[in-house]
Structures are given as C-alpha cells and as structure tokens.
Amino acid sequence: MPNDVDDLAEFLNPEERTEHYFAVLNRDELIGYYVFEPNADVVDVGLGMRSDLTGRGNGVAFLEAGLAFIMDRFAPKQIELAVATFNERAIRLYTKSGFLPVERFQQATNGGSYEFLKMRLQPIYSTKPFPKYVIR
C-alpha cells in the first residue's frame, strides 16, 4: 500500500475509511486488513496480508475469516474481488476457494498500469465454525 499514495491516504484517514475497513487480528497481532463494499446483492472485497506472512500457508485461514465475516454480516448472493494477474499465488488461493474468473482489465496503481483479474464467488452458507482470525 505505501506504493500507492492515494490508497495509503484513504487507508490512513478515518473519514475516508468509513465503516468498510476492518483489521484482521491473530490474537492481538495485526496481520492484515479487509475492505468490504456492499452493493445490492454483491460485496466487493479488497484485502491485504502482511507481506512477511505470505507464502507460508496462512492465506486459506485469512481468506476464510473474511468470507465468514461477509456471509454473516451481509449475506450476499455474490462476492467479488480483483487481483493483479501477476499474483499467481493469490489467484490459485481464490480459485481453490471457489472464485471463478469473470474478466480482465487494466488499472492504474502503484505508479503504473497493471492487468487485473476480476473474480466472483457465489457463497454457500454453512454452519461451519468461525476461523481463528478476528476481524474488527
């Protein structure tokens, strides 16, 4: 996020953040964030995990925590997210979690223009217990 001045400014400003930004904690340790933008029956998701925790098998629990929160709070018919196409690890995680590719698009961010993949999930609701991470 420090590479995108506009995103960082929004993230750090409480008036810009509104009620859509959430911290992800493991016990009392901050490990990442979520941004949930509800639109009718769809929730758009933005997320980020601390870079020192990526590539260590933490992605599934991190994603499951966000999905459980979304389903409990918003009960959407669809969940959408966008991921840079070079982020192959994240795309594998999202695909394994049931997200399907919808479209590719270019977006200016971090001082350049990058190709992104929009992905969509149609959630299946269950009585599965909440994951270990806490979102506040």
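All heavy atoms count here, side chains included; hydrogens, waters and symmetry mates do not. Predicted, not measured: the structure shown is a model, and the values here were computed from it.
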Practice task
Would you kindly confirm whether Met49 and Ile91 end up in one hydrophobic cluster when ILVMFWY residues are joined by side chain heavy atoms under 4.5 Å apart?
Solution key: yes
Problem - Cluster check Phe105, Tyr114: I/L/V/M/F/W/Y, side chain < 4.5 angstrom - result: yes
Identify, with sequence neighbours excluded, every residue that meets side chain to side chain contact (heavy atoms under 4.5 Å, CB included) alongside [X].
{"X": "Arg120", "value": "Gln78, Glu80, Val102, Lys118"}
{"X": "Glu88", "value": "Arg92"}
{"X": "Leu93", "value": "Val60, Leu63, Ser97"}
{"X": "Arg50", "value": "Glu29, Ile31, Asp52, Leu53"}

Exercise for the section: Please report the closest heavy-atom contact between Ser113 and Gln106, naming both atoms and the distance. Expected result: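 Minimum heavy-atom separation between Ser113 and Gln106: OG-NE2, 3.1 Å.
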Problem - All side chain to side chain donor-acceptor pair (under 3.5 Å) counterparts of Thr95, not counting sequence neighbours - result: none
Handout entry: Residues in side chain to side chain donor-acceptor pair (under 3.5 Å) contact with Gln122, at least two apart in sequence or another chain
Key =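 Applying side chain to side chain donor-acceptor pair (under 3.5 Å) to Gln122 gives none.
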Hey, what do you get for [atom1] ([X]) to [atom2] ([Y]), rounding to the nearest 0.5 Å?
{"X": "Leu81", "Y": "Phe116", "atom1": "CG", "atom2": "CZ", "result": "11.5 Å"}
{"X": "Asp41", "Y": "Phe74", "atom1": "CG", "atom2": "CZ", "result": "13.0 Å"}
{"X": "Leu47", "Y": "Tyr34", "atom1": "CG", "atom2": "OH", "result": "5.0 Å"}
{"X": "Phe99", "Y": "Leu67", "atom1": "CZ", "atom2": "CG", "result": "5.0 Å"}
{"X": "Leu117", "Y": "Phe86", "atom1": "CG", "atom2": "CZ", "result": "12.5 Å"}
{"X": "Met71", "Y": "Leu121", "atom1": "CE", "atom2": "CG", "result": "7.0 Å"}

Practice task
Would you mind reporting whether Arg89 and Asn87 have side-chain heavy atoms less than 4.5 Å apart?
Solution key: yes
Handout entry: Derivation and outcome, side-chain contact (heavy atoms from CB on, under 4.5 Å), residues Leu25 and Leu30
Key = CA-CA 5 Å; Leu25 306 171; Leu30 178 65; 4.1 Å; yes
Practice task
Classify the angle between the aromatic ring planes of Phe36 and Phe69 as parallel (below 30°), tilted (30 to 60°) or perpendicular (above 60°).
Solution key: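 Rings of Phe36 and Phe69: parallel, as their planes differ by under 30°.
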